[in-house]
Amino acid sequence: MNCSQYDVKGYFLNETSPDERTAIEAHLEVCGRCREELARLKALRVVLAALPEEEPPRRLAFVSDRVFEPSPWARFWNSTPRLAFASAALLAIAIVAHGWIARPPAPAPAPDLAAIRAQLQAELSQDLQAAVEKAVAEATARQERRTAELLQAAERRYQQQRLADRIAFEEAFEVLQKRMNVYRASLAFGSAQ
Amino acid sequence: MIFRDVEDPDLIQGAQRGKVEAYNVLVSRWEKRVFNYLLRLVGDREDAMDLSQEVFLKAYMNLKRLEDRNRFAPWLFRIAHNEAYSHLRRKRPQTEWDPQAAEAAPLSRTAPLETALAVRKALELLPEEQKEAVVLKIYEGFKFEEIAEILSCPVSTVKSRLYTALDNLKQTLAPIDARGVE
């Protein structure tokens with residue numbers, strides 16, 4: 001009898017198809033050697049089962065332990081207010097960026113007081129001199145304008161006076177000529193009589 | 001158990017989304033099996049404990065890569081297998097099956113404790129790959145396909161290793177088998 005075509009170990013390990021099982025069971029009914037093989041395998045399983053499962057000597061580090069715990073950031077990120085946090089974070093970043101971009105110039109290093117004083121004095125002296133010069137120039141210009149105005153006014157008065165005198169002279173001369181004409185006419189009339 | 005009604009795939013999905021409590025339950029469900037698998041491979045409780053810790057840490061770190069949540073067990077034991085073999089490579093070279101050593105194994109007594117010791121000894125005498133096939137099939141109850149996935153080898157190789165291991169164990173444990181287990 002050819003027993004090699006029957007997978008008795010597979011049958012024992014429950015790794016055969018239903019058709020194979022049927023064929024093997026039929027074979028076992030007629031084959032004493034294969035029945036003995038199956039009996040040895042079943043006995044072996046009983047012996048192997050004598051090796052008990054053992055409890056671990058201590059509990060494993062569960063996920064509740066620190067080694068498995070997600071980071072505080074991951075826990076927070078998975079929490080409900082993460083959107084609010086994200087919005088606040090964006091706003092904070094915008095504020096910081098704006099502050100950085102529009103920041104005031106960095107402060108100068110520690111000042112040299114004597115140099116600053118000398119520089120200030122020099123600048124003050126220059127400013128003072130410029131202010132005086134400017135004031136003098138303005139006063140001079142103002143005075144020149146005033147003088148010119150006075151001269152112009154005097155000139156106008158002089159021309160007006162001349163004109164008035166000439167008119168008065170011409171009027172007086174005209175009166176005189178009239179009187180002389182009257183006198184000549186009276187002379188002529190007297191001599192004619 | 002409080003979470004027994006929740007299936008593993010649901011817990012895995014929760015853990016993949018960052019729910020640490022879900023992974024916590026997964027660990028509590030699988031730690032004993034993983035520990036015993038490793039213990040039977042490496043033979044030392046403290047080593048098995050440390051390796052179990054590593055296995056669950058690596059599983060947690062890589063859980064998002066697990067696409068088929070129904071294949072969690074083979075995936076987890078694949079990690080355990082890698083950890084065990086890294087450990088064994090550091091500690092000692094692979095053992096070869098030695099029939100003389102098997103015959104010389106002290107199996108004269110069959111009280112339960114001695115039987116357990118005899119079985120442990122018989123397993124230790126097997127080459128690593130045969131022993132692992134026995135542990136995954138007989139003790140952990142995986143199917144051939146799952147074992148092939150864990151060991152990253154063809155199913156035919158799994159069958160070959162397992163059948164050879166059973167023959168070797170029958171030979172080594174024959175005295176106990178003949179007397180029966182008390």
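In what follows, chains carry the letters A, B, and so on, assigned in the order in which the sequence lines appear, proteins first and then strands, with residues in each chain numbered from 1. Everything quoted here is computed from the prediction, not taken from an experiment.
Annotation: maximal heavy-atom pairing with chain B below 4.5 Å, among A/Ala49, A/Pro52, A/Pro57, occurs at A/Pro57.
Contacts with chain A (heavy atom to heavy atom, under 4.5 Å) involve these residues of residues 154-165 of chain B, listed by number: B/Lys159, B/Leu162, B/Tyr163.
Between B/Leu169 atom CG and A/Arg40 atom CZ the span is 13.5 Å, to the nearest 0.5 Å. Here OG of B/Ser52 is found 9.5 Å from CZ of A/Arg58. Values are rounded to the nearest 0.5 Å. With rounding to the nearest 0.5 Å, the separation of CD in A/Glu53 from CD in B/Glu140 is 6.5 Å. B/Leu166 CG to A/Leu13 CG: the interatomic distance, rounded to the nearest 0.5 Å, is 6.0 Å.
Residues passing the side chain to side chain contact (heavy atoms under 4.5 Å, CB included) test with A/Leu91 are A/Ile95, sequence neighbours excluded.
Using a 4.5 Å cut-off between heavy atoms, A/Arg45 does not touch chain B at all. Contact annotation for B/Leu123: only side-chain heavy atoms (C-beta onward) come within less than 4.5 Å of a heavy atom of chain A. In this structure, chain A has heavy atoms under 4.5 Å from both the backbone and the side chain of B/Lys143.
Side-chain contact between A/Glu15 and B/Glu145: absent, with no pair of heavy atoms (C-beta onward) separated by less than 4.5 Å.
Tested against A/Glu54, the residues B/Arg40, B/Lys32, B/Arg120, B/Arg33 include a single salt bridge (charged side-chain N to carboxylate O under 4.0 Å, His left out) partner, B/Arg120.
More than 12 heavy atoms of other residues, nucleotides or ligands shown are found within 6.0 angstrom of CD on A/Glu138.
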Could you walk me through whether A/Leu44 and B/Ile138 satisfy the side-chain contact (heavy atoms from CB on, under 4.5 Å) test, starting with their C-alpha distance in whole Å, then the side-chain angles of each, then the deciding distance to 0.1 Å, before giving a yes or no? CA-CA 10 Å; A/Leu44 177 63; B/Ile138 304 296; over 6 Å; no
Between A/Glu55 and B/Glu31, does a side-chain contact (heavy atoms from CB on, under 4.5 Å) hold up when you go through it step by step? CA-CA 9 Å; A/Glu55 289 295 330; B/Glu31 63 173 338; over 6 Å; no
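Judged by distance alone, the side chain of B/Tyr139 and the main-chain N or O of A/Leu48 form a donor-acceptor pair under 3.5 Å.
Annotation for B/Arg45 and A/Pro56: closest pair NH2-C, 4.3 Å, computed over non-hydrogen atoms.
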